[in-house]
**Q** 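Please read through the structure below; I'll follow up with questions.
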Amino acid sequence: MPYICLYRTCPTMLNFIRPNIRAARAYAVADLPAGWLKLDAMEVPYAFPPELQSELAAQLARADINRYPNPAASALPAALRRAFPVPDTAALALGNGSDELIQFITLLFARTDAKMLVLEPSFVMYRRNAELFGMDCIGVPLKPDFTLDLPAVLNALAEHNPALIFLAYPNNPTGVPFARADVEAVIAAASGAVVVDEAYGAFSRDSFLPQAGQPENLIVLRTLSKIGFAGLRLGYAAGAPAVMNELAKILPPYNMNCLSLTAAEFALNNMDFINKNIELLKQERTRLSNALRGIAGATVFASEANFITVRLPDAEAAYQKLLDNKILVKKLHGSHALLNNCLRLTIGTPEQNDAVLSVLLQAA
Ligand SMILES: *Cc1c(COP(=O)(O)O)cnc(C)c1O
C-alpha cells in the first residue's frame, strides 16, 4: 500500500494564491434563523401558489438531467424574447445570475492596464470583479441626492478612457434612477463598453433593453432574481452579436443547469403571476415611502426599484431596533460617505412592511 500522510501541513502553500484574493473577504450571505423577516436582499416575498408548484414539479421531473444542458436549444432564449423587449438585432448570453455575467464581462475586458469605471455608491460586485481581474477601478461619486454627476463622469471618461463602465439603472443601493439623457451621454462619450445593469428594470419606468447593442458598446444586463426567482440564478445580457460572440468564448460551456432553465421557462410562461407581484410591490413602494416620510428627520429617496433607501436621524439605532424585532434590513451606513445614516429596506408583503414601519415609527 502506498503511504500518503494526510496530516502534512503546507505552511507556504497559501502563499501561491493570488495576493489580491487573499486580501479580500468572501461576500457575506445572511443566514437567518426561522421566524425572522428577511428584507435585506430584494427578494420577492411571494412564491407560486400550490397549483403552479405542482405543475412546475411535474416539468422538473421530466427534465433531461442525464444530459448536458443546451441553453441555446432550450426554449428559454425565445421565452425571454417573448416576455421582455429584447431587440431582434441583439444577441443574448445567459448566466448563473447576472453576477456571473458581471464576472465574465469583466474578464472579457480585463486586458493589462485596462480600467473599469463605476459610479459610487453602486453595486459592490463591479469593483470586486475589477479587483479580482486586476483592473484599475475608477469610482466617480454620485451627487448627494444619488443622481449621476455627468460632468464628473465625462471628465473621468476623458482622463481614463475605461474599457468597461458599469452603471446600474435604477441604481442599487440607492433606488434612484439616473436621467436617461445622462446615461445616453455616457454611452455616446465612451469608447469602451457600457453595461447598463437593469436588475430592477421591471420596477422602473424606463429601460435601455430595447436599445441593447445599438450602439454596439451598449450591453444591457437583466436578471430574474429581483422579479421573484433569486433561487434560480438566472441572469441574461443583451448586446451586439459581435460582443456577445466574444463573451460566448469565455462562458463555461455548461454554465446553466437544466433545472433552472426549465423552471425559468415555466416562470416566464406565467407572466401574470410575475406582473401581479410587481404591481403589488410598486403599490407598496408608494405606500411605504409616504409612510416613512412621516418619520421626523427622515429623508426618503425616490425609488424605482423594489427597495427603499431612507436616511434616518440614527440609522444604527433603528437597525438595532429592527434586529431586536427579528427584522433584517441592509445597513448602508458605514459603507460609503454618501450613505451616512442610510438603511435599505426591501419591499415585502403589506404585513411585512407594516412590521418594519411600526418599529421605525416607534424608534423615531
Ligand atoms: C441583485 C443585483 C444583481 C445580481 O443579481 P443576480 O442575477 O441575482 O446575480 C446585479 N446587479 C444589481 C445592481 C443587483 O442589485
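All ligand and atom numbering here is 1-based and tracks the order in the structure. It should be emphasised that the depicted structure is a prediction, and the values quoted were computed from it without experimental measurement.
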**Q** Report, as yes or no, whether the 6.0 Å neighbourhood of atom NZ on K326 holds more than 12 heavy atoms from other residues, nucleotides or ligands.
**A**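 Open: at most 12 neighbouring heavy atoms sit under 6.0 Å from NZ of K326.
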**Q** For atom 8 (O) of ligand 1, what is the nearest protein heavy atom, given as residue, atom name and distance?
**A**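 Answer for atom 8 (O) of ligand 1: S225 OG, 2.5 Å.
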**Q** Testing the 3.5 Å rule here: is there a donor-acceptor pair between the side chains of S207 and E198?
**A**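 Indeed, the side chains of S207 and E198 share at least one donor-acceptor pair under 3.5 Å.
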**Q** Please tabulate, for side-chain N and O atoms in residues 164-176, each donor-acceptor pair with protein atoms closer than 3.5 Å (sequence neighbours left out).
**A**
from: Y169; atom 1: OH; to: D206; atom 2: OD2; distance (Å): 2.4
from: N171; atom 1: OD1; to: S122; atom 2: OG; distance (Å): 2.8
from: N171; atom 1: ND2; to: P121; atom 2: O; distance (Å): 2.9
from: N171; atom 1: ND2; to: T174; atom 2: OG1; distance (Å): 3.1
from: N172; atom 1: OD1; to: R344; atom 2: NH1; distance (Å): 2.8
from: N172; atom 1: ND2; to: Y200; atom 2: OH; distance (Å): 3.4

**Q** Nearest protein heavy atom to atom 2 (C) of ligand 1, by residue and atom, and its distance?
**A**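 Ranking protein heavy atoms by distance from atom 2 (C) of ligand 1, first comes K226 NZ, 2.4 Å.
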**Q** Check contact between G235 and ligand 1, using heavy atoms of the residue and a distance below 4.0 angstrom.
**A**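 No, G235 has no heavy atom closer than 4.0 Å to ligand 1.
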**Q** Are more than 12 heavy atoms, taken from residues, nucleotides or ligands other than I65, located less than 6.0 Å from that residue's CD1 atom?
**A**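 Incorrect, the count does not exceed 12.
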**Q** Between Y126 and ligand 1, find which residue part has any heavy-atom pair under 4.0 Å and reply side chain, backbone, both or neither.
**A**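 It is the side chain that touches ligand 1; the backbone stays farther off.
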**Q** Between K38 and D40, does a salt bridge (Lys or Arg N to Asp or Glu O under 4.0 Å) hold up when you go through it step by step?
**A** CA-CA 6 Å; K38 190 172 182 306; D40 64 326; 2.9 Å; yes
**Q** Once you restrict to heavy atoms under 4.0 Å, what part of N172 touches ligand 1? Side chain, backbone, both or neither.
**A**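 Side chain only.
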**Q** Kindly write out the residues that satisfy ring-ring contact (aromatic ring centres under 6.0 Å, His included) with F203, not counting sequence neighbours, or none if the list is empty.
**A**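 Not a single residue meets the ring-ring contact (aromatic ring centres under 6.0 Å, His included) criterion with F203.
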**Q** Quick check on contacts: which atoms of ligand 1 are under 4.0 angstrom from a heavy atom of G97?
**A**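 Selected atoms, number and element: 6 (P), 7 (O), 9 (O).
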**Q** Please state which protein non-hydrogen atom is closest to atom 4 (C) of ligand 1 and give its distance, to 0.1 Å?
**A**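 The closest heavy atom on the protein side is S98 OG, 3.4 Å.
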**Q** Starting from atom 15 (O) of ligand 1, which protein heavy atom do you reach first, and at what distance in Å?
**A**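 The answer is Y200 OH, 2.6 Å.
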**Q** Using a 3.5 Å distance criterion without hydrogens, assess whether the side chain of R81 forms a donor-acceptor pair with backbone atoms of P87.
**A**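 Yes, because the side chain of R81 sits within donor-acceptor range (under 3.5 Å) of the backbone of P87.
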**Q** I'd like to check which ligand 1 atoms, numbered from 1 as shown, lie under 4.0 Å from a non-hydrogen atom of R233.
**A**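 Close to R233: 6 (P), 8 (O), 9 (O).
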**Q** Quick one: nearest non-hydrogen protein atom to atom 12 (C) of ligand 1, plus distance?
**A**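 Ranking protein heavy atoms by distance from atom 12 (C) of ligand 1, first comes D197 OD2, 3.4 Å.
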